[in-house]
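Let me begin by presenting the structure, written as structure tokens, before commenting on it.
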Amino acid sequence: MKRKWHHDRGLEARMLFTMFLLFLVYIAFLAVLAYRGTGLVGMLAFVSIFMLIQYFFSDKLVLKGMGAKIVSESEEPELHQMISRLCAMADLPKPRIAIVDTPMPNAFATGRSPGKAVVAVTTGIRRQLTAAELEAVLAHELSHVKNRDVMVMTIASFLSTVAFFIVRYSFFFGGGGSSRDRGGIAAAFLASVVVWIASSLLIKALSRYREFAADRGSAVITGQPSNLASALMKISGVMPRIPKEDLRKAEGMNAFFIIPAVSGSSIMNLLSTHPPVEKRIAALQRIEREMETA
């Protein structure tokens with residue numbers, strides 16, 4: 001049975017604004033290349049190659065970064081059946097399904113379109129949640145696919161990751177060479193810092209809103225907001241007990257997760273990719289009351 005889906009105009013407006021700002025970040029990066037004397041052909045080649053890699057391989061880099069393994073229906077029949085049922089209700093093509101072998105209880109979705117999406121769950125979340133709670137979490141991830149915000153996040157995260165690695169490794173290549181070479185490395189370093197910070201802030205701003213939208217989507221698909229609220233409480237309760245090494249390895253994926261791998265408080269909440277769990281649960285409780293009234 002298909003559920004009635006309401007498009008979130010606020011989310012759509014934020015995604016368009018985020019893509020526009022990312023475009024400006026690209027322009028700024030090209031301006032640095034032009035300043036360094038790169039010709040028009042070189043800049044066009046750079047942009048074309050970079051955007052092709054970003055569009056076709058960004059989701060693969062996300063999966064590789066998490067060590068996610070795509071599983072077939074014969075390997076995980078229950079998980080496939082659950083996803084198939086939810087996709088039928090959400091009117092979505094069935095995504096590929098991946099498993100991440102980690103005790104951290106979490107899930108995420110990636111992909112450039114609904115037809116190319118991947119939904120991944122960790123072994124930890126499957127141990128912690130009931131079938132109904134896991135279904136609510138999967139419906140949340142499918143809502144990201146349905147809303148297409150996962151595409152924007154995947155592309156934005158790729159740009160941020162590339163800039164981060166340029167920042168990190170420019171230190172190793174900045175010692176030798178002529179003053180012109182060192183000047184070029186310094187310019188690339190400064191441009192990458194700006195790109196990294198700007199794209200990271202854009203990711204955080206969009207991510208907070210999209211989590212509320214996906215929570216509502218899960219409630220619409222399953223018709224049981226309380227199941228997702230229960231899952232969020234369990235996941236957030238277990239997260240502090242996960243080894244810090246496991247959390248640090250996954251920290252770069254925070255924007256994709258249903259609950260961030262490293263939770264913060266006070267000032268750190270302002271920089272979080274997710275709204276506080278308490279606010280998300282309160283919103284789900286309001287949705288449940290609305291459903292009961294309707």
Side-chain angles (χ1 to χ4, degrees), residues 56-87 90 92-131 133-158 160-161 203 207 210-211 213-215 217-218 221-222 228 231-232 234-236 238-239 242 246-262 273-274:
F56 287 106
F57 297 103
S58 52
D59 55 340
K60 295 178 178 61
L61 291 174
V62 169
L63 294 172
K64 186 175 178 60
M66 277 303 297
K69 178 194 171 189
I70 301 294
V71 291
S72 65
E73 191 165 359
S74 60
E75 292 174 299
E76 291 288 345
E78 287 186 26
L79 203 52
H80 272 267
Q81 288 169 14
M82 194 177 287
I83 290 279
S84 295
R85 185 170 62 254
L86 290 169
C87 285
L92 275 171
K94 184 181 175 184
R96 289 180 295 160
I97 300 170
I99 300 289
V100 182
D101 187 13
T102 173
M104 181 181 64
N106 235 314
F108 65 91
T110 185
R112 62 182 183 270
S113 68
K116 299 290 184 181
V118 180
V119 172
V121 296
T122 66
T123 51
I125 201 171
R126 298 186 72 187
R127 285 195 295 267
Q128 293 294 331
L129 303 185
T130 66
E133 290 166 343
L134 180 59
E135 187 174 75
V137 167
L138 292 173
H140 171 101
E141 299 306 331
L142 289 173
S143 295
H144 283 310
V145 177
K146 181 85 172 178
N147 290 331
R148 294 180 180 268
D149 61 75
V150 69
M151 177 194 70
V152 179
M153 292 299 297
T154 301
I155 292 174
S157 295
F158 178 76
S160 175
T161 301
I203 288 168
S207 182
R210 82 181 194 122
E211 291 305 322
D215 286 349
S218 174
I221 293 171
T222 63
L228 182 59
L232 292 176
K234 281 188 180 180
I235 297 169
S236 60
V238 170
M239 201 67 76
I242 301 299
D246 291 330
L247 293 176
R248 279 195 296 269
K249 286 179 181 177
E251 190 173 1
M253 281 286 295
N254 273 348
F256 287 90
F257 290 143
I258 190 167
I259 292 284
V262 177
T273 54
H274 290 57

So, do Lys234 and Thr130 sit near enough that their side-chain heavy atoms are less than 4.5 Å apart?
yes
Q) Got Leu86 and Glu135 here, is their nearest side-chain heavy-atom distance under 4.5 Å? A) yes
Of all heavy-atom pairs linking Met104 and Thr122, the shortest is O-OG1, 2.6 Å
Residues passing the salt bridge (Lys or Arg N to Asp or Glu O under 4.0 Å) test with Lys94, sequence neighbours excluded, are none
Practice item. Kindly indicate whether the side chain of Leu79, heavy atoms from C-beta on, has any atom under 4.5 Å from the side chain of Leu134. Key: yes
Quick check against the 3.5 Å criterion: does His144 have a side-chain atom that pairs as donor or acceptor with the backbone of Glu211? no
Taken to the nearest 0.5 Å, the spacing of Lys60 NZ from Thr110 OG1 works out to 9.5 Å
Residues at least two apart in sequence or cross-chain that pass salt bridge (Lys or Arg N to Asp or Glu O under 4.0 Å) with Glu75, listed by chain then number, are Lys69
Q) Backbone N or O of Ile258 within a donor-acceptor pair of the His140 side chain at under 3.5 Å? A) no
- Query: Checking side-chain contact (heavy atoms from CB on, under 4.5 Å) for the pair Phe108/Val118: CA distance, chi angles, key distance, verdict?
  - Reply: CA-CA 8 Å; Phe108 65 91; Val118 180; over 6 Å; no
In short, Ser143 meets Ser218 closest at the heavy-atom pair OG-N, 3.3 Å
When every non-hydrogen atom of Pro114 is compared with those of Leu92, the smallest separation belongs to CB-CD2, 4.2 Å
Of Ile125, Leu232, Thr222, the one forming a side-chain contact (heavy atoms from CB on, under 4.5 Å) with Val137 is Ile125
Contacts satisfying salt bridge (Lys or Arg N to Asp or Glu O under 4.0 Å) that involve residues 99-109 (not counting sequence neighbours) are none
Within-4.5 Å side-chain heavy-atom neighbours: Phe257 and Glu141: no
If you define the side chain from C-beta out and look only at heavy atoms, does anything of Leu138 sit under 4.5 Å from Val119? yes
Separation between CD1 (Ile99) and CD1 (Ile70), nearest 0.5 Å, reads 9.5 Å
Across all chains, not counting sequence neighbours, the side chain to side chain contact (heavy atoms under 4.5 Å, CB included) partners of Ala117 are Pro95, Val145
Rounded to the nearest 0.5 Å, the NE2 atom of His80 sits from the CD atom of Glu78 at a distance of 12.0 Å
Checklist entry - Do the charged groups of Glu133 and Arg126 touch, with an N to O distance under 4.0 Å? => result no
Nearest heavy-atom approach of Thr102 to Thr123 is O-OG1, 2.9 Å
Salt bridge (Lys or Arg N to Asp or Glu O under 4.0 Å) filter on Lys116, not counting sequence neighbours, yields none
Of all heavy-atom pairs linking Ala131 and Met82, the shortest is O-CE, 3.9 Å
Residues at least two apart in sequence or cross-chain that pass salt bridge (Lys or Arg N to Asp or Glu O under 4.0 Å) with Arg96, listed by chain then number, are none
Residues Ala136 and Leu228: closest non-hydrogen pair is CB-N, 3.6 Å
